[in-house]
Structure formats: structure tokens, C-alpha cells
Amino acid sequence: MLNYLKPEIIIEVICFIIASLCLLKANPRIWQYQIAYLCVVCTVELTGVYLKRHHQGNQWIYNILLLFEILFICLMFRYLFSRYIRGRAIIICGLTILIILYIYELSVHGFLIYNNITYTIMSVVYILYALFYYYLLLKDESYIDLKFSCEFWWVTGILFFYFGSTAANLFHGRLSGIKITSKHFLPYYIFIVLNYLIYGCWSYSFICKKWLTKTSRA
Amino acid sequence: MQKMADKDIKGLIIITTLIFLIAPAFIVVYIFIYNQRKKRHLEEKELLKSTFQKELLKTQIEVQEQTLNNISREIHDNITQVLSFVKLNLGMIDEADAGTRDKIAESRELVAQTINDLRNMSKSMSFEHIARIGLVKTLEIEVSRINNSGLITAGLLITGEPFTLGGERELVLFRIFQEAFNNTLKHSGANHLKINLQYSEQLFNLTLEDDGGGFSPEHLDMAGGSGLKNMESRAALIGAKTVISSSQGKGCCIRVTLNPFGQQLYIDGIPADRYS
């Protein structure tokens, strides 16, 4: 079992535990879906490690995770935008592009190979969503103490992760040539850092959601 | 040569990746700074709004005091003088039968009573009069007037050694008393009104307690724009706090608490000059 506890999985499991403790009764319901999403993430990661150790291809399982990632994060952004604008059209637009791309890629290379282009485009879409959320946040007349805003830290996690991973994905071929240790190459460490950033931000966001959220209207 | 170019490209890619990793941090820092500015801006806006409202209230009260002062002078200098003259004239009528003489005597008494009432009213309106004789004396006169009217029984209790709170503050406290007394008369159906002035080094309390019908706390919230709010606003103007407590069938208690040595008088912190 200990063999499965890789650094990137440890932080995911910790985040899942924190989410379970903090969001079980959270409102609106979208926050409760976060627990289910993290459960899927942990399951996929552990299954991925298991398949790799048994010398089987594991990219297909990450394709399943990608679908959950597209649906859940879009849904969350829809909730976040709804506090400021009617953002349904923006979300449906992004969601349609990603789903079409996902199906197209599957039809091109099949289910067993990872949908890399969909992932890269998804990262760009989420970066744009995150920046748009910041724009709405700053434009809004009410003041929110960002230090304790669960929504803000959730989006910040997204921005850090997808901004970083876009570069790591685009230059994956070149970066994979840089060996850091005898076992691993540079992208591996970049993704560990990104994982710690997103799940760290998310864990703090869940804590804020449970105990610290404070909003003052001017 | 090819190896060198590869190395350069690799370095460039690593730098670009690092920039991509660090860029979000800059964005987040910018958001925090902007948000802090927004907070400051909102605070300033709130402060301006509250300053404006207090200035408005101060002006309203000044205008009201000026008007009351003018009416008070008019009553004292004109109407009571004319009535005195009428009373004198009535006294000079000799040629009359017994019935007419009785009517004249009765009329003289009524005119005398009217003159007296008008003088009292004039005094309670006049800022100068209240400032001259002080809050305690003004309230004593007012309580005696209330008891003479027979509308309600009022009692004044003074604890501690009275000292002056300053003309403006005493005037505001007296106006609060008048507002509360009016409310008691109009709405409470009370038989007794207890007025307590408590003087100590740390604080001054003006408490008005009646045994009327009272009202529920919900009514207190709903009546935000009425006399109760007026009292609170007036009290806030001199840095005093007002606590109004009441419940259905259990009377009403209004307590105004003030730090006697606090210098707060109006928003700019400078005691206002006389209202004349």
C-alpha cells in the first residue's frame, strides 16, 4: 500500500479528507459535488499507479478523469459567475468546445491514448474563466476579504495549476529530455509542484468555506 | 554547433515554463492590492456618506432651534404683551352689573392663565432660557408643568451631584426628553412617568420610564423613521447612546447615556456655537 503513496497522491488524498470534513453539509450543493470529484481523482490516480506497476497502459483511465474534470470545473465556474452575471452562455460555449474536441480526439486515436489536445485547450479555457472571475470580482461594488474567500482560493488553485500545466504540456517533449534524478524528468517535478499548489489552495478554500468566509456589502 | 543551439532552446523553454509558473502569483498579488484599494475607497465613501448625513441632521436641528427661538420671542414679546394689555383693559371696566362683572373676572383669570401657559411654552422653546437655567432646573419646571396639567403624574429623581454638561448638550438632552414625553402622552396611555438624572464622574444617564402599554420589539424595528429614531440620531450627535427597551403591556424605558467629559459634539468634534 505504501508503494502507492507518491507525493502527488498524498496531497490529493489530504485534500479529499479535508473536503469530506468541511463540505459535507456545505451550501450550495455544488460544494458537496467537490467531495465526489476528489474521490474520483484519488481513485483514478491510485488505479493509474496500480496499472503502471502491473505494466498495463493507464492513459484510458485519465481520459475518464478528463471528462469529470471538464464537467465539474465548468459547473463550478457556472456557480461562481452566477454571483455576478448570467454566465450560462459562456460556460455552455466552453463546455461545447471541450466536449466536441474530446469526442473528436477519441475518434482519431481511440480511447487508450490520452486526449492531450483537449487537456491543453481545457487549460486555456479555465485560465480565461479564472481571469474573467477575477475581473468580475474586482468590478463588483461589494468588498470581499480575499484572505478568507473560499471562491477566490478555489479559482486561484485553478489558475496556478492550469497556467503552469499549459506551459509544461506545450513544452513536454523538450522538458522530458531534462533528467533531474535517476528516475524522474523535469515535467514530473513540475506537476508535483502544481499539484501541491492546486490542492493546497483548494484545501484552504474548503477550510474557508467551513469556518472563515466573511463578506461585507457596501 | 547544433548542441549549443539545443542547449539554448532548452534554457529558453525552462525560462518560459518558469514564467508560466510564476505569472499567476503576480496576478494574485495584483488582485490583492486592487482589492485593498477597493476596500479603502468603500470606507472613504461610507465615511463621506455618514459625515453628510450628520451634517444634514445638524443643520436640520439648527434650523429647528432657530425657528423655536423665533416663535418663543414672538410669544414672549408680542402675544403675551397684547394679552397683558387685554387683561389690564378688562380690569378697568367699572360700569357693569353683577353678572357682567363675574364674566369679566372669569375672563381675566382665563387670560392670566393663558399668559402663564404661553410664557412657560416660550421658555421651553427658547435655547437661551434652557442654557441659562440648566437642564436640571428646566426639567423641574417642566415636571411641575406636567403635574399641574393633570394629564400624567411625573416624578424627577436626581442622583449624584449635578454639574453642567454644556449648553448644546443639555439642549439636545432636553429635546430628547420632550420627544419622549410627547410619545408617552400620545401613544402609551401611561399614568406615571419617572425621570431620572444620574450624574457621576464616568457617565451621565437620562432615564425616562413610563407604565403605559409599551410595544413589542418588532414595532421598534418597524418604527425606524419615527420619533424613536429621531431620539437616537439626536443622541448620536452629542456622542450619547440611546437604549430603548419595551415590551407589550410593560411600559417603556428610554435611557440616554453620555460620557460627560467626552468632547464629541457634532461630527467635526468642535462644540457648536450658540443657535442664534
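Here is how names work: the chains are called A, B, and so on, in the same order as the sequence lines, proteins then strands, and each is numbered from 1. These numbers were taken from a predicted model, which means no experiment stands behind them.
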Report task. Could you tell me which portion of A:L137 (side chain, backbone, both or neither) has an atom closer than 4.5 angstrom to a non-hydrogen atom of chain B? Result -> both

Report task. Give a yes or no answer on whether the side chain of B:K39 reaches the backbone of A:D145 with a donor-acceptor pair at less than 3.5 Å. Result -> no

Query raised in the report: Is the count of non-hydrogen atoms from other residues, nucleotides or ligands lying under 6.0 Å from A:I117 atom CD1 greater than 12?
Result: no

**Report entry** A:F152 ring center near B:F32 ring center (under 6.0 Å)
**Finding:** yes

Report summary line: Closest non-hydrogen contact found for A:G164 with B:L21 is CA-CD2, 3.6 Å

Query - chain A interface, residue from B:H41, B:E43, B:K38 that has the most non-hydrogen pairs under 4.5 Å - result: B:K38

Query raised in the report: What is the distance from atom CZ of A:F163 to atom CD1 of B:I19, rounded to the nearest 0.5 Å?
Result: 10.5 Å

Report task. Using modelled atom types only, decide if a donor and an acceptor are shared between the side chain of B:N35 and the backbone of A:I144 within a distance under 3.5 Å. Result -> yes

Query raised in the report: Can you tell me how far CD1 of B:I31 sits from OH of A:Y134, rounded to the nearest 0.5 angstrom?
Result: 6.0 Å

Query raised in the report: Under 4.5 Å, heavy atom to heavy atom, which residues of residues 188-199 of chain A contact chain B?
Result: A:I190, A:L194

Report summary line: Honestly, the part of B:I27 sitting under 4.5 Å from a heavy atom of chain A is side chain

Query raised in the report: Heavy-atom count around A:Y104 OH within 6.0 Å, excluding the residue itself: above 12?
Result: no

Query raised in the report: Which atom names give the shortest non-hydrogen contact between A:L159 and B:P24, and what distance separates them?
Result: CD2-CB, 3.9 Å

Requested in this report: Decide yes or no for A:Y143 and B:R40: does some side-chain heavy atom of the first lie under 4.5 Å from some side-chain heavy atom of the second?
Outcome: no

